[in-house]
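One structure is given below, encoded as structure tokens.
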Amino acid sequence: MIFRYNICIVLLVVLSIWASIEGRSISRFLTDETVGTKWAVLVAGSHGWWNYRHQADVCHAYQILKKGGLKDENIIVFMYDDIANNTMNPRPGVIINNPHGQNVYKGVPKDYVGKDVSADNFFNVILANKSGITGGSGKVLKSGPNDHIFIYYVDHGGPGILSMPTGFMYAKDLTDVLKKKHASGTYNKLVFYLESCESGSMFDGLLPKGLNIYVTTASKPNEDSWGTYCGQVSASDPCLVECSPPEFKGLCLGDLNSVAWMEDSEAQDRRTATLGDQYNVIAKRTAANLAYGSHVMQYGDTGISVDALFQYMGAASVNHSYVSMNFKSSSQNVNQRDAELFYLKSKYEDAPEGSDEHFKTRAELTKTMAHRSQVDRSIEHLAELLFGAEKGNELLKTVRPAGQPLVDNWDCLKFYVKTFEAQCGKLTSYGKKHIRGIANICNAGIESEQMTAATAQACPI
């Protein structure tokens, strides 16, 4: 009996020494061995020069994962790819995500670009449905039951929707796809980082527990998200932390929540830092000054937050010189809904007085502001026609309690959004905020005939 006890002690000592030599504890070693292939899907859902930050975020995310040991065959990238070689780019062929200016575009796979950046392709990639893919590289998530998946999506959004270069992605459709992925038994755990305005509405009341999916969102269901490293607005309103290089005036180089998780990933030892540790860092930085920030949220199986970052992002040497860990927020952060105005105003200010560029930009700025006012008036008039002035105004602002989805009938929401856009014009990144009002019209039980008639009256052609 004593002999057996001594043998067990010796084996434990040897195992401890061996694990220590490898630079990790026994528990960390065992965790290492149980992680299968690491997969990643990175999505920038916008296009256009003034949306520079979204593709910059995705390119930076790719560099982090690549340095962490993920292979290109296991990283799937969606981005329109109209930024690096844009004629407006002061650094042709280069994209930066940080005032320090490292090129994050180099080597990024061009799996799905241009019109191939679509909700259908994104869903088919997740489900590994190669036959459903249109264009692109054809890469899909061919993950197995022991594999870990990391999905990062950054773009404009609105209540219950995410943008794509053309069209929307609805929250119910996204959660249905994630449920199908779970039912297929083709992953162990899945982590989803989402950056957009009202991003919490994509999962609140929709994503059930038990799918082995952990989600963080940049904002609450009724809150905007923010761009950052947006340069100097004017001499009287300077950056208080770090400005972007002067040639990028008017642009945001990144998004606040996204920059927070990526710079933290580069600053931490990802073998010991956990998803929960990172969540706390992101939450602190993103909400450092709520006049220029938002509340980061968690959904799904939050117990997964005890997992080490490397299980999803890989591990790399810590590079403290690259990151900015100053959490002070200022005018360097711009509301995502106002990023287009920020760009146009900066462009207008820089154009020589009396030049063609000066008049052209003023016309663009005037048109953009007029469209914002028009969509505000249209939705307000619609609600007034349906419910009366006082009740209609109240309905547009109503936010459902936490844990309830945006809308009860998603088919109703899709139809009513199409009805509104067909009569009143496309909902831009600014106008998408009004989808909550349209959802509340569905929740109030308004019939389609009544909605169609009221929309025609609100926006006569």
Side-chain angles (χ1 to χ4, degrees), residues 24-25 27-42 61 64-65 68 70 126 143 145-154 174-175 178-179 181-182 187-196 199-221 223 225 255-288 293-316 318 323 325 327 402-403:
R24 53 196 171 185
S25 66
S27 61
R28 182 65 66 205
F29 168 74
L30 293 175
T31 302
D32 272 5
E33 296 306 303
T34 58
V35 175
T37 300
K38 300 177 183 70
W39 292 82
V41 182
L42 311 176
I64 289 171
L65 299 177
L70 275 72
I126 292 175
S143 52
N146 296 320
D147 295 349
H148 285 195
I149 298 171
F150 177 66
I151 299 176
Y152 168 55
Y153 195 115
V154 57
L174 174 59
T175 52
L178 294 175
K179 289 175 186 177
K181 185 66 174 176
H182 178 261
Y187 69 88
N188 184 347
K189 297 176 184 177
L190 187 154
V191 169
F192 199 129
Y193 280 15
L194 175 59
E195 170 99 46
S196 76
S199 47
S201 66
M202 294 297 295
F203 299 100
D204 194 28
L206 289 170
L207 184 68
K209 295 185 181 296
L211 301 182
N212 280 350
I213 295 176
Y214 170 68
V215 173
T216 69
T217 64
S219 61
K220 296 193 294 186
E223 193 176 41
S225 68
D255 290 282
L256 180 57
N257 174 77
S258 296
V259 164
W261 79 256
M262 286 187 280
E263 292 187 355
D264 179 66
S265 295
E266 291 175 313
Q268 302 300 327
D269 180 352
R270 297 202 292 269
R271 287 192 174 275
T272 56
T274 67
L275 292 164
D277 294 334
Q278 183 159 94
Y279 173 82
N280 291 330
V281 170
I282 298 169
K284 181 179 178 182
R285 182 169 179 178
T286 305
S294 59
H295 296 87
V296 179
M297 303 295 289
Q298 299 179 96
Y299 298 97
D301 296 301
T302 54
I304 291 175
S305 65
V306 301
D307 286 357
L309 293 170
F310 88 92
Q311 296 184 44
Y312 305 90
M313 304 176 190
V318 177
V323 301
M325 299 308 291
F327 294 166

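Values in this document were obtained by computation on a predicted structure and should not be read as measured data. Values reported hereafter were calculated over all heavy atoms of this structure, with side chains retained and with hydrogens, waters and symmetry mates removed.
In this structure, Asp204 contributes its side chain and Gly403 its backbone to a donor-acceptor pair below 3.5 Å. No donor-acceptor pair under 3.5 Å is formed between the side chain of Gln268 and the backbone N or O of Ala273. The main-chain N or O of His295 is never found under 3.5 Å from a side-chain atom of Thr286 such that the two would form a donor-acceptor pair. Between the side chain of Asp301 and the main chain of Gly303, no donor-acceptor pair closer than 3.5 Å is present. Side-chain atoms of Thr216 do not come within 3.5 Å of backbone N or O of Tyr193 as any donor-acceptor pair. Counting only distance, with no hydrogens or angles, the side chain of Asp147 and the backbone of Thr37 share a donor-acceptor pair below 3.5 Å. Panel note: side chain Ser199, backbone Ala218; a donor-acceptor pair is recorded below 3.5 Å.
How far CG of Asp255 is from CD of Glu195: 4.0 Å, rounded to the nearest 0.5 Å. His148 NE2 to Lys38 NZ: the interatomic distance, rounded to the nearest 0.5 Å, is 8.5 Å. A distance of 10.0 Å separates CD1 of Ile126 from OG of Ser143, quoted to the nearest 0.5 Å. Here the straight-line distance linking atom CG of Leu65 with atom OH of Tyr152 works out to 11.0 Å at 0.5 Å rounding.
The shortest heavy-atom contact between Ser294 and Ala287 is O-CB, 3.4 Å. The two atoms that bring Ala61 and Met262 nearest to each other are N-SD, 3.4 Å, heavy atoms only.
Using a 30° and 60° split on the angle between ring planes, Phe192 and Tyr153 fall in the parallel class, below 30°.
When side chains are defined from C-beta on, Asp264 does not count as touching Ile282, because their heavy atoms never get closer than 4.5 Å. Under the 4.5 Å side-chain criterion, counting only non-hydrogen atoms from C-beta, Met297 is not in contact with Glu223. For the pair Lys181 and Ile213, the minimum side-chain heavy-atom distance is 4.5 Å or more. Residues Tyr299 and Thr175 have side chains not in contact (no heavy-atom distance under 4.5 Å, counting atoms from C-beta outward). The shortest side-chain heavy-atom distance between Leu275 and Tyr312 falls under the 4.5 Å cut-off. Val191 places none of its side-chain heavy atoms less than 4.5 Å from the side chain of Asp307. Using a 4.5 Å heavy-atom cutoff, the side chains of Met202 and Leu174 are in contact. Contact annotation: the side chain of Thr302 never approaches that of Tyr279 to less than 4.5 Å [non-hydrogen atoms, C-beta and beyond].
Aromatic rings from Phe150 and Trp261 are positioned such that their centres are separated by under 6.0 Å. Between Tyr187 and Trp39, the gap from one ring centroid to the other reaches at least 6.0 Å.
Side-chain contact check for Thr274 and Asp277: at least one donor-acceptor pair (N or O, by modelled atom type) lies under 3.5 Å.
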Test side chain to side chain contact (heavy atoms under 4.5 Å, CB included) applied to Val259 and Arg285, step by step: CA-CA 10 Å; Val259 164; Arg285 182 169 179 178; 3.7 Å; yes
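Cation-pi geometry between Arg270 and Phe310 is not met: the NZ or CZ atom fails to fall both under 6.0 Å from the ring centre and inside 45° of the normal.
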